[in-house]
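Below, each value reflects all heavy atoms present in this structure, side chains not excepted, and no hydrogens, waters or symmetry copies.
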Amino acid sequence: MNKLFPCLLGMALALGAADTRAGTVLAIGQNTYGQRNVPAELTDAAMLEAGRDFSLALKSDGTLAGWGYNGNNRATPPANLNNVLALSAGVYHTLALKSDGTVTGWGFDGNNILAVPADLNNVLAVAAGGFHSLAVKRDGTVVGWGFTGNGRIRAPATLTDVIAIAAGRDHSVALKSDGTVVAWGLNDLGQATVPAGLNNVVAISAGDNHTLALKSDGTVVAWGSNRDNQIAVPATLSNVIAVSAGSQHSLALKADGTVAGWGNNANGQINVSGWTGISSIAAGGFHTLAIQGGALRITTQPRSQTVLAGASVTFTVAAAGAEPLSYQWQFNGAAISGATGPSLLIPEAGRDNAGVYTVRISNANGSTTSQNAALIVRGLQQLTLPELLANGTLRLTFGDLHGDPISSPNVFRYQVEASSDLETWTPLNLPLTLVDGRIRVEDPDAGNYPKRFYRVVEQ
């Protein structure tokens, strides 16, 4: 239900009504509130999110359409909302990430889940849970708001380099750029207990009380509640390119365009065994949507990355479809001039390159857009000339080498270490003070050493 990346959507059909037109959406499962009844006029949808009993589509022009249960206007996007990059539908509300890095929310507002922090900007990804909301900023840190119970909005203090986020009903999950996963919040069913040794993860998706992780080798790992066998990943499942967790069911899209489903099937939401030619999937509360018969299917998605400023970055995509294929890479929703190949090279990444990258692939039959790929750019730190205070204390000040100010939520990521021989380094464990976007630390013991070296470590 709350996925790492939005899926693609076109028009809706009932179970078994196969249609080979590009962009046809197959819909199965519960339809009590019309959550499978995609509006007939919706012909240019580009991305999909499925909430508990409602559905939303992001259209190719950056505007939205919604259908299904409309209590608290959860299926009615705000008027004039545009330039949307991504969506996340929770149990009762939805978050939209705009191309300018800001966030908009709508639907039920219990526990202030729609109270987006006024100073929240430079956002990379969003996740809507049961009664909480999460956002990843372009510096790789996590911001949360809404219900505070079980610590679901309080990411671990040491959590950094996050490239994607997922929110279950009461728990939260983060994917780091090194392929590891961190979870927190309610853990009564093991939903916040990440399996030991889990690595090489490229995508995550959170259901009510369970989580799916897609690994780079095409296998799937699941944990949390197994009341309906929603974490009982089929033993033969392989070559997976996308996952989606519903309330109590799970879906996996394979590279050959087929889909596997497991878990709760009370409404037929996992009856997907006969589906072919699928290019994307979306699991809602008790319904499932998938796009079938599209002109193209992305088989290798661009991957998120974290790099140091000045490093070379390459994003790569691969797709199956009638040749020739054309490509157009986008940065925060805007086309990148001259970026028209299957790979995008950024020779020397700077802080201004941090953000969301996608690629639109087209052929004579149509087009499709990749999942979002995040780029986080770390900056080297530079110490200024030390100041010797009257009491013998040595004051050190450091800041970003590129001049970008350090923000207060990021102070914890830095540690100042000292050495007398440039070989053995010891953390100073002294208070760090933020002054005009730079960090200051004062060493009262500096005078006790004949020589003293310092360095800054970013966690």
Side-chain angles (χ1 to χ4, degrees), residues 1-12 22-25 27 35-51 54-68 70 73-90 93-107 116 123-128 133 135-136 164-166 203 205 242 244 279-284 287 289-291 294 296 298 301-302 328-335 355-362 366-374:
M1 178 168 55
N2 300 293
K3 295 163 284 300
L4 167 60
F5 298 108
C7 301
L8 303 180
L9 173 66
M11 299 177 290
T24 298
V25 165
Q35 57 265 52
R36 283 172 26 204
N37 298 340
V38 181
E41 65 273 17
L42 180 62
T43 59
D44 59 344
M47 295 180 180
L48 164 76
E49 272 292 301
F54 62 98
S55 303
L56 293 155
L58 171 61
K59 298 193 291 185
S60 58
D61 63 358
T63 61
L64 306 175
W67 61 97
N70 200 35
N73 293 318
R74 66 193 69 177
T76 303
N80 303 317
L81 178 60
N82 52 32
N83 297 320
V84 175
L85 283 181
L87 296 171
S88 178
H93 74 299
T94 299
L95 301 177
L97 169 62
K98 298 189 64 176
S99 60
D100 63 0
T102 61
V103 176
T104 298
W106 65 94
V116 181
V123 174
L124 196 64
V126 291
S133 301
V136 177
I165 198 80
S205 181
S244 183
S279 57
S280 60
I281 51 177
H287 67 294
L289 300 172
I291 186 171
L296 295 163
I298 295 178
Q301 296 281 359
Q328 178 58 66
W329 289 87
Q330 297 179 325
F331 174 57
N332 292 334
V356 178
Y357 290 82
T358 57
V359 57
R360 190 161 186 80
I361 307 174
S362 306
S367 61
T368 188
T369 301
S370 74
Q371 66 185 22
N372 293 344

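No donor-acceptor distance shorter than 3.5 angstrom exists from the side chain of S370 to the backbone of Q301, with no hydrogens or angles considered. The backbone N or O of G107 sits nowhere less than 3.5 Å from a side-chain atom of N73 that would complete a donor-acceptor pair.
Residues that satisfy the side-chain hydrogen bond (donor to acceptor under 3.5 Å, both in side chains) test with T104, not counting sequence neighbours, are absent from this structure. In this view, Q35 and Q30 satisfy the side-chain hydrogen bond (donor to acceptor under 3.5 Å, both in side chains) rule, not counting sequence neighbours. Remark: F54 pairs with no residue by the ring-ring contact (aromatic ring centres under 6.0 Å, His included) rule, at least two apart or across chains.
S55 has its side chain out of reach of V38: every pair of non-hydrogen atoms, C-beta onward, lies at least 4.5 Å apart.
The nearest pair of heavy atoms linking V123 to A135 is CG1-CB, 4.0 Å. The minimum heavy-atom distance linking A89 with A50 is given by the pair CB-C, 3.9 Å. Contact record, A96 with V84: CB-CG1, 4.1 Å, taken as the closest heavy-atom pair. Contact detail for S133 and L95: the closest heavy-atom pair is CB-CD1, 3.7 Å.
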Under the side chain to side chain contact (heavy atoms under 4.5 Å, CB included) criterion, do I298 and I361 qualify, and how do the steps go?
CA-CA 9 Å; I298 295 178; I361 307 174; 4.1 Å; yes
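If you take CG on D61 and CG on N82, they are separated by 8.5 Å, rounding to the nearest 0.5 Å. Interatomic distance, K59 NZ to L64 CG, rounded to the nearest 0.5 Å: 8.5 Å. Residue T76 holds its OG1 atom at 12.5 Å from CG of L81, rounded to the nearest 0.5 Å.
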